[in-house]
Amino acid sequence: MHGPALSAWLMLTLCGASGAYCLLRARRCAGEERRTAAGEAVMGFGMAAMALPAAVVTPPSWWWSVYAAVFGAAALRALVSVRRGGHHLHHLVGSLAMVYMAWPVQGAAHGGHGSGGGGGSAPLVTAVLLLYYVAYVLRSGARLVPMTVPAAPMTVPAASATVPVAPVTASMALSAGGPAPAWVVRPEFTLVCRLSMALAMLAMLVAL
């Protein structure tokens with residue numbers, strides 16, 4: 001994904017920031033939410049490395065084989081976890097997409113990813129991945145749009161002296177290390193992070 005320098009730097013910044021946020025969320029959450037956030041952090045940092053401009057560093061020819069192996073292992077891990085539900089199916093698709101983008105350029109003579117990957121890419125696979133990520137972006141974007149719901153009249157019983165508080169779910173359970181900042185565990189930020197990485201994946205696939 002070595003396009004124009006400005007686009008590459010913007011992609012690197014976006015993916016790196018998303019990976020850092022996911023890493024922070026992984027450190028502050030527990031259980032399934034921690035595993036999900038860790039997988040998203042790996043994806044974010046991997047995409048940031050893939051977006052690194054060729055003028056900054058030229059990876060050796062074997063680098064993309066290592067890259068494909070790392071995300072191939074991530075895909076296998078996601079495949080095993082799919083039956084538990086959650087976001088693992090999306091992680092599986094994302095990991096396979098990373099392998100797909102890295103594999104064609106493992107033996108390329110140049111150091112760039114985006115301009116040389118098209119020669120070994122399969123148009124049908126690229127089209128399927130593009131359709132998936134377009135649908136994911138539209139769905140995630142729609143979930144971010146606030147919906148206006150008519151306020152229903154609320155009746156509070158006179159005998160009620162306290163307001164029941166919903167219990168904290170397992171996905172929001174915090175690990176040792178102190179209370180997490182409120183923005184770390186807010187679902188809107190998590191959704192924005194996932195939407196950002198999906199947009200970056202779209203840009204990389206379009207460049208194939």
Side-chain angles (χ1 to χ4, degrees), residues 1-57 59 63-64 66-75 77-78 81 86-99 101-102 112-114 133 136-137 139-141 143-144 168-207:
M1 182 54 199
H2 292 298
L6 178 59
S7 300
W9 282 116
L10 288 174
M11 191 81 67
L12 187 151
T13 302
L14 177 65
C15 297
S18 298
Y21 166 76
C22 293
L23 184 62
L24 178 60
R25 185 161 57 90
R27 294 182 60 186
R28 296 296 185 178
C29 297
E32 193 67 26
E33 182 67 16
R34 168 177 285 184
R35 288 187 288 270
T36 299
E40 291 171 344
V42 172
M43 180 68 65
F45 289 130
M47 294 172 68
M50 185 173 282
L52 192 65
V56 176
V57 59
W63 167 250
W64 299 110
V66 175
Y67 208 91
V70 169
F71 281 96
R77 182 177 181 273
S81 304
H87 217 62
H88 296 293
L89 180 60
H90 181 67
H91 289 172
L92 174 62
V93 175
S95 298
L96 291 176
M98 295 292 279
V99 174
M101 290 189 294
H113 175 71
Y133 278 100
Y136 184 87
V137 166
R139 178 176 175 270
S140 300
R143 291 175 61 189
L144 285 174
V168 178
T169 61
S171 63
M172 300 295 287
L174 302 179
S175 61
W183 61 270
V184 172
V185 292
R186 287 184 62 176
E188 310 94 278
F189 281 88
T190 301
L191 187 57
V192 168
C193 173
R194 291 169 177 169
L195 178 59
S196 300
M197 288 195 290
L199 286 170
M201 186 70 78
L202 266 178
M204 291 181 174
L205 288 168
V206 168

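Worth knowing before you read on, the calculation uses all heavy atoms, side chains too, and leaves out hydrogens, waters and symmetry mates.
- To the nearest 0.5 Å, atoms CE (Met204) and CE (Met47) are separated by 4.5 Å.
- Taking each heavy atom of Phe45 and Gly16 in turn, the nearest pair found is CE2-O, 3.7 Å.
- Summarising the geometry, atom CG belonging to Leu144 is positioned 8.5 Å from atom CD belonging to Glu188; distances are rounded to the nearest 0.5 Å.
- For the residue pair Leu195 and Ser140, the shortest heavy atom distance occurs at CD1-CB, 3.9 Å.
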Dump the intermediate steps for side chain to side chain contact (heavy atoms under 4.5 Å, CB included) on Thr190 and Tyr21, then the final yes or no. CA-CA 9 Å; Thr190 301; Tyr21 166 76; 3.1 Å; yes

Could you walk me through whether Met50 and Trp64 pass side chain to side chain contact (heavy atoms under 4.5 Å, CB included), step by step? CA-CA 9 Å; Met50 185 173 282; Trp64 299 110; 4.1 Å; yes

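- In terms of heavy atoms, Glu40 sits closest to Cys22 at CB-SG, 3.5 Å.
- For the atom pair Arg25 CZ and Arg186 CZ, the distance stands at 14.0 Å (nearest 0.5 Å).
- Considering CG of Leu191 and CZ of Arg139, their distance stands at 8.5 Å, rounded to 0.5 Å.
- Shortest non-hydrogen contact noted between Gly72 and Val99 is N-CG2, 3.4 Å.
- How far CG of Leu14 is from CG of Leu10: 8.5 Å, rounded to the nearest 0.5 Å.
- When all heavy atoms of Ser196 and Ser18 are compared, the closest pair comes out as CB-OG, 3.8 Å.
- Below 30°, between 30° and 60°, or above 60°: for His90 and Tyr136 the angle between ring planes is below 30°, a parallel geometry.
- With sequence neighbours left out, Ser81 forms a side chain to side chain donor-acceptor pair (under 3.5 Å) with Arg84.
- Taken to the nearest 0.5 Å, the CE atom of Met11 stands 11.0 Å off from the CG atom of Leu6.
- Partner Met43 forms a side-chain contact (heavy atoms from CB on, under 4.5 Å) with one of His91, Arg194, Met201 and no other, that one being Met201.
- Taking each heavy atom of Ala75 and Leu92 in turn, the nearest pair found is O-CD1, 3.3 Å.
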